[in-house]
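Chain naming here is simple, since letters A, B, ... match the order of the sequence lines and numbering starts at 1 in each.
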Protein chains: 2
Amino acid sequence: MAAGSPRPTSRDVAQAAGVSQAAVSLVLGEKWRGRVSERTAERVREAARELGYRPNLAARNLRLGSTRTVLLVVPALTTEFFAGVYTGAARVAAEHGFGVVLYPSPEGIGPARDPFASAQAALDGVIASSMAADALTAIRGDQLPLVMLDSDPAGSTGAATVNLDIRDGVRQVAEHLLGLGHRRFLHLAADIASWTFEVRARELAERLAAVPGTELRTVCAPISIEGALTAAESALAAPGPRPTALVCDDDKLAAGAYKAARRLGLRVPDDLSITGLDDLALATAIDPELTTVRLDAELFGERGMEALLAVMEAREPPQGDIPVELVVRGSTAPPGAP
Amino acid sequence: MAAGSPRPTSRDVAQAAGVSQAAVSLVLGEKWRGRVSERTAERVREAARELGYRPNLAARNLRLGSTRTVLLVVPALTTEFFAGVYTGAARVAAEHGFGVVLYPSPEGIGPARDPFASAQAALDGVIASSMAADALTAIRGDQLPLVMLDSDPAGSTGAATVNLDIRDGVRQVAEHLLGLGHRRFLHLAADIASWTFEVRARELAERLAAVPGTELRTVCAPISIEGALTAAESALAAPGPRPTALVCDDDKLAAGAYKAARRLGLRVPDDLSITGLDDLALATAIDPELTTVRLDAELFGERGMEALLAVMEAREPPQGDIPVELVVRGSTAPPGAP
DNA sequence: CGAGCGACGTTATACGTAAAACTTCCGCCG
DNA sequence: CGGCGGAAGTTTTACGTATAACGTCGCTCG
C-alpha cells in the first residue's frame, strides 16, 4: 500500500495472487460456487486485502450498465422532514444493494447543473418530491424509472406516486376543531403551487362547508417564520369578527402564527387555537406545544424506495396512502375559554 | 428518440452525423478549435440534439479517471445548518465543474455501506464534518483529498481544516453575560466527544476564570429538546444558589432549556438568561427570542469547498477561521431584573 | 477404453468515452 | 518544384471490470 501509487486494480491483485484477472473478479463478485477452489479464493481475498484493493466503480458501472444508485430529489433541507425521508429510503435501498444520492432542489445552486449532472453518476432511478415542472421533464427525457412523492396520483406524467394521507390529516384537524366548537376559521396556507398544498386547502374547505354556520378565510404566506408572522398578523388584525381557529399548512407557519398572536396580544389557545402539520421538533419547542399532524417521514421514504424498486423491476408498485395521526397538544382549546 | 430503445451512444451520434466517433467526442468536449470545421461541428451538435444524446458518465469517469464529484459528510440533517453548508459547497463546486454528493452519517443506516459504497461513484475528494474516527480511517485508506470541517487543526491526521471561529463566539457570549453582571453560570453542553464542543467548554471556562467571583457548573445532554429539558431541569433544581445565566452549546439545547425554565416557574430572561449557538430558525420561533451566535453556514460550506479545491490542486489551502457574530435578543438581561 | 463430465481456471471481449497518433489534402513559400 | 505546415478528420488504444466462451485435467461409467 505504497503512498502516492495509483490505486491497485483487479489485475494487480491477480498478479499478486498468481491467478488471472478473471479469477479475481469471480472471487470478489461472490459468484464462484463451482468455478474456483476454496484455496485459491482465499489466496485472492488475501491479496486483495494486502493491496487494499477497491474495485473501480466507474468501470463496474460501465460494464454492468447500471449503478445501483438512485437519486432522491427533495425541495429543501430546511426542516428535518426530508432528512427522515432520506433515512427511510436509504435503509430500504441498502437492503437491496442500492445507494441513495440526495439532491436538494436548485434554490441558490446554479441552474447550469441539473440533478443528473450534479449526481455525476449514472442513475438507475429517481424519487422526486414536489419538484418543479422543468426538472421533471428533464427526468422524463432520460426515461428513468420515476416515483413521485406527494404528487397528484391522477397527474399527467403517468409516474408512480406515493403519498401521505394528508387529506385524512386535514380531516382530523377539522373534526378536532369543529368538535371543540370552533366556527370561524383562518387558513394560513403555503404560497407554493404544489399538489400537496392544494389538497390541504380543498379538504379543509370541504369539511367546513359540510357544517352550517362555519366561516373560512384563507391567507397565503411563504414558508418561513417571518413570512407567516406578517401574513398572519395582518389577517388577524383585519376588521370583522376574529377567527377563533387558525389552521396552518405546516409547523413552521404555525410558529410564525404564534408570534403574530403574541404581537396582537392574543393568548394561545384561549383566544386563538392554532394547528400545524408535520410534527417537527419545533412543535414541542414553542409554548404552548403545538397541536399538529404527525407525518412519518421515514416510512414515507421507505415506501417511496419500495415503489421505485417495484417500478425498476417492472412490477406493480404498492398502492395505498400512508396514514397520518393527529397529535393534540396545548395549542387548541374550545373557543372563548377563560 | 424511440421509447424503450437503449440510450444513444456517441457512436450513434457519429453515424447520424456521418462522422467518426472521435469527432463527436471532440465537438461535444468543446475542445475542437482547429480540429473540426464549424460546419461539421454544427452537424454533430444537431445530431446529438436530435437523438437526445447524453454522454455515459460511467464511461467518461472511467476514461478520465476522475468523476469531478465530491462527497460532503455531515453528522445529521436534523437542523438547517448543514443544509446551508451543502448549499455553499455546491455553489462553489458548480463554479468549478464539480458536483457534490451528500452523505448524512450512518445513524440508522446500515453500517454495511460506508460513505464510498453509498456514493457509488468514485470520488475526487471529501469534505467531512465532525465525523466518527472509524469512518475517517476508511477515508484515509482511500488516500483521497480530504478537508475536515470544525476539527482540531492540530489533529493527528494532517488533513486540512476549515473552522468557524467558535472560540470567538463563546468569548462574545461570555463577555456579553459578564457585562450584564452575571456571575453564576451553568453550561448546558452537548454530550458528544467532538472538538467543536470541547472548544466551547474550554473557552467558556477560561473566560470565566479570568473574572474573580464567577462560578461555573456544567451539565451534559444529548442534542435534542427532550434531552436538554431533563438535563437542564435537574441541574436548575439542584440545591445551592441557582445560576443566573445558562450557556447552551447550541440552539436546540437552548429550546429545551426554555422548557425546563418554564416547568420550574423561572421567567426568561428575568430569572434566568439563556444563550444558544447556531441561530437557527428555531431561535426566533421561541419566546422570548434567543440570544445566540450566528454561524454563516453557507460561507462555511464555500470555504470548505475552496479548501478542498486547493488540496486537490496541491495548493496551500487558505487559512483563517470564519468569523461569527453574537446576536443579542430577548433571552438575556441583567440578573435579578424585576 | 474412450466418451463424457465436473472442477478449476484462463483467454478474449465488450461496455462508451477521450485523446494520442496517424492520414490526407491543400495552400504557400523559399 | 519540393517540402512544410496546418486544417480536418479518422484510426486506434486504453481506462478496469464482468462474464461468455473456451481449454485442460482427472475420474467415472457404460
Atom-to-atom span, CZ of A:Arg7 to P of D:dT17 - whole angstrom: 8 Å
Per B:Leu26 side chain, nearest of listed nucleotides D:dT10, C:dG16, C:dT17: D:dT10
Interatomic distance where CG belongs to A:Leu64 and P belongs to C:dG16 [whole Å]: 12 Å
Listed partners of A:Arg39 passing side chain to side chain contact (heavy atoms under 4.5 Å, CB included), at least two apart: A:Ser37
Close approaches to DNA chain D from residues 12-24 of chain B, in residue order (heavy atom, under 4.0 Å): B:Val19, B:Ser20, B:Ala22, B:Ala23
d(CZ, B:Arg60; P, C:dC15) in whole Å: 19 Å
Between P of C:dG16 and CG of B:Leu28, the distance in whole Å: 16 Å
Partner residues of B:Ser194 under the side chain to side chain contact (heavy atoms under 4.5 Å, CB included) criterion, sequence neighbours left out: B:Ser130, B:Ile192, B:Thr196, B:Phe197
Value in whole Å for how far the P atom of C:dC15 lies from CG of B:Leu57: 18 Å
Which residues share a side chain to side chain contact (heavy atoms under 4.5 Å, CB included) with B:Ala160, sequence neighbours left out: B:Val147, B:Val311, B:Pro317
Sugar-phosphate, base or nothing in reach of A:Ser25, heavy atoms under 4.0 Å: base
Note, B:Asn56 side chain near B:Thr9 side chain (heavy atom, < 4.5 Å): no
Interatomic distance, A:Arg54 CZ vs D:dC15 P [rounded to whole Å]: 22 Å
Contacts of A:Asn163 that satisfy side chain to side chain contact (heavy atoms under 4.5 Å, CB included) - sequence neighbours left out: A:Asp150, A:Pro153, A:Thr161, A:Trp195, A:Asp321
Phosphate-side-chain proximity, A:Ser10 and D:dT17, N/O vs OP1/OP2 below 4.0 Å: yes
Closest non-hydrogen atom pair between A:Ala76 and A:Phe82, with its separation: O-CD1, 3.6 Å
Selected nucleotide, minimal atom distance to A:Ala59 side chain, candidates D:dT19, D:dG16, C:dT17: D:dG16
Side chain to side chain donor-acceptor pair (under 3.5 Å) partners for B:Glu46, two or more places apart: B:Arg49
Contact check, side chains of A:Arg45 and A:Tyr53, non-hydrogen atoms, under 4.5 Å: no
Length of the line joining A:Arg11:CZ and C:dA12:P, which is rounded to integer Å: 12 Å
Results of side chain to side chain donor-acceptor pair (under 3.5 Å) for A:Gln15 - residues two or more places apart only: none
Stretch residues 34-46 of chain A: residues that reach within less than 4.0 Å of DNA chain C through a heavy atom: A:Gly34, A:Arg35, A:Val36, A:Ser37, A:Thr40
Candidate nucleotides C:dT17, D:dC15, D:dT17, ranked by approach to the side chain of B:Leu62 - the nearest: D:dC15
A:Arg35: side chain to side chain donor-acceptor pair (under 3.5 Å) partners, not counting sequence neighbours: none
Summary of salt bridge (charged side-chain N to carboxylate O under 4.0 Å, His left out) pairs that have at least one residue in residues 304-313 of chain A, sequence neighbours excluded: A:Glu313-A:Arg315
Spacing of A:Asn56 atom CG relative to D:dC15 atom C1', expressed in whole Å: 8 Å
Secondary structure string for DNA chain C (Watson-Crick or G-U under 3.5 angstrom, | for other-strand pairs): ||||||||||||||||||||||||||||||
Inter- and intrachain pairs under salt bridge (charged side-chain N to carboxylate O under 4.0 Å, His left out), touching residues 9-30 of chain B, at least two apart: none
